[in-house]
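A short write-up of the structure that comes next.
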Amino acid sequence: MAALPASFYARPTLTVAADLIGCVLVHDHGGVRCSGRIVEVEAYIGEADPACHAAAGPTARNQPLYGPAGLAYVYFNYGMHWLVNAVTEAAGAPAAVLVRALEPLTGLEAMRARRGEARAAARDGVTWSGRDAHLCRGPGNLTRALGITGAQNHAPLSAGPLRIHAPSVKAAPLPVSWSGRVGIRLGQDRPWRAYVAGHPAVSGAPR
DNA sequence: CGTTCGATGCACT
DNA sequence: GTGCATCGAACGT
C-alpha cells in the first residue's frame with residue numbers, strides 16, 4: 001500500500017482536510033510501526049488567516065508552510081507538545097492541515113508505552129491506564145503516542161518513516177462534520193475543523 | 001458533570 | 001517579556 005502522493009496535498013486546503021478524514025497516518029519509529037485513522041483535522045490557510053503561523057509572514061519557524069505541498073510541518077508548542085501538520089496548496093502559498101486526532105490501528109503497545117513515559121515523567125512511578133481510544137485523542141497526544149517530534153519537521157509525507165495512506169477499500173467512508181477550530185484565540189469564525197461526529201477519539205468541542 | 005490552573009520551552013516583539 | 005493550533009490534575013456544583 002503506497003502513501004498518498006504529493007499531488008494529493010497540492011489542492012485547496014479545505015478539500016485536502018476533508019479528504020484526510022479516514023486516511024491512515026503511519027510512523028515507523030524505534031523499530032515499531034504505529035498507525036491510526038485520521039478522525040479530526042483543522043485547516044490553516046494563508047497569511048490572511050490570523051490563526052495560521054504564516055499570519056505575520058515568513059519566519060524561521062514557519063518555513064515549511066511556504067514549501068511545496070506534501071511536507072510535514074512539525075512544531076513545538078506550550079513547552080511540551082509536538083504538533084504535526086501536512087503542508088498543502090503550492091510553494092509560496094502558506095497553508096497546512098493540522099492532524100488533531102487518530103483512531104489507533106496498529107502499534108498500540110508502543111503507544112501505551114510512550115504515553116506512559118510521558119505520564120511517568122510528570123508523575124512519579126504511576127503507569128498510565130487510560131482507554132486505548134484516547135491514546136491519540138488531541139494533537140499533542142497523537143504525536144506523543146506515535147513518537148513524532150521535530151525530527152520529522154520538513155519531511156516528505158509521501159515517503160519515509162512518516163506517511164499518510166489512503167483509506168482501506170474495505171473501510172466504510174466516515175461522515176465529515178465541520179466546526180470552528182479548537183484552542184485558538186483569533187480566527188474562530190472560520191469553520192475549518194473537520195471531524196467525525198461522535199467518534200470516541202475526537203478531541204474536545206470547539207469553544 | 002463543570003471550570004480553573006500549572007507545567008513548560010521557544011519563537012517572536 | 002508575552003503568548004501560544006495543549007493536557008490533565010484538582011478542584012467546585
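Here the structure is a predicted model, which is why all the values come from computation and not from measurement. Numbers restart at 1 for each chain; the letters A, B, ... are given by sequence-line order, proteins then strands.
Taking atom CG of Leu142(A) as the reference point, atom C1' of dC7(C) lies 13 Å away to the nearest angstrom. Separating the CG atom of Leu186(A) from the P atom of dA5(C) is a distance of 9 Å, rounded to the nearest angstrom. One interatomic measurement links the two molecules: CG of Asn77(A) to P of dC10(B), which rounds to 12 Å at whole-angstrom precision. The OH-P distance, from Tyr75(A) to dC12(B), rounds to 12 Å in whole Å. In this structure, Asn85(A) places its CG atom 11 Å from P of dA5(C), rounding to the nearest Å. One can place CG of Leu83(A) at 15 Å from P of dC10(B), the figure rounded to the nearest angstrom. When the P atom of dC7(C) is taken as reference, atom CH2 of Trp82(A) falls 15 Å away, rounded to whole Å. One can place CG of Asn62(A) at 14 Å from C1' of dC10(B), the figure rounded to the nearest angstrom.
The pairing partner recorded for dT8(B) is none, the criterion being a Watson-Crick or G-U wobble arrangement whose two distances lie under 3.5 angstrom.
Note: His53(A) and Tyr75(A) have perpendicular aromatic rings, judged against thresholds of 30 and 60 degrees for the angle between ring planes.
Asn141(A) has a side-chain polar atom (N or O) that falls below the 4.0 Å cut-off from OP1 or OP2 of dG8(C). Here Arg181(A) does not reach the OP1 or OP2 of dT6(C): none of its side-chain N or O atoms lies under 4.0 Å away. Contact annotation: Arg100(A) side-chain N/O to dT6(C) OP1/OP2 distance is under 4.0 Å.
Side-chain to base pairing of His81(A) with dA5(C): no donor and acceptor N or O lie closer than 3.5 Å to each other.
Using a 4.0 Å heavy-atom criterion, one finds that Gly140(A) contacts the sugar-phosphate atoms exclusively.
Leu135(A) and Val26(A) sit in two unconnected hydrophobic clusters of ILVMFWY residues. Membership requires side-chain heavy atoms under 4.5 Å apart, directly or through other members. Connection of Val74(A) to Tyr78(A) is not established within any shared hydrophobic cluster, with ILVMFWY side chains joined at heavy-atom distances below 4.5 Å, either directly or through further cluster members.
Put simply, CG on Leu146(A) and CH2 on Trp82(A) are 15.0 Å apart, with the number rounded to the nearest 0.5 Å.
Of the possible polar contacts, one joining the Arg181(A) side chain to the Ala43(A) backbone as a donor-acceptor pair under 3.5 Å is found.
In this structure, of dG8(C), dT8(B), dA11(B), it is dA11(B) that holds the atom nearest to the side chain of Thr59(A).
Residue Tyr78(A) and nucleotide dG9(B) are not classified as a stacked aromatic pair, given the requirement of ring centres less than 5.5 Å apart at an interplanar angle below 30°.
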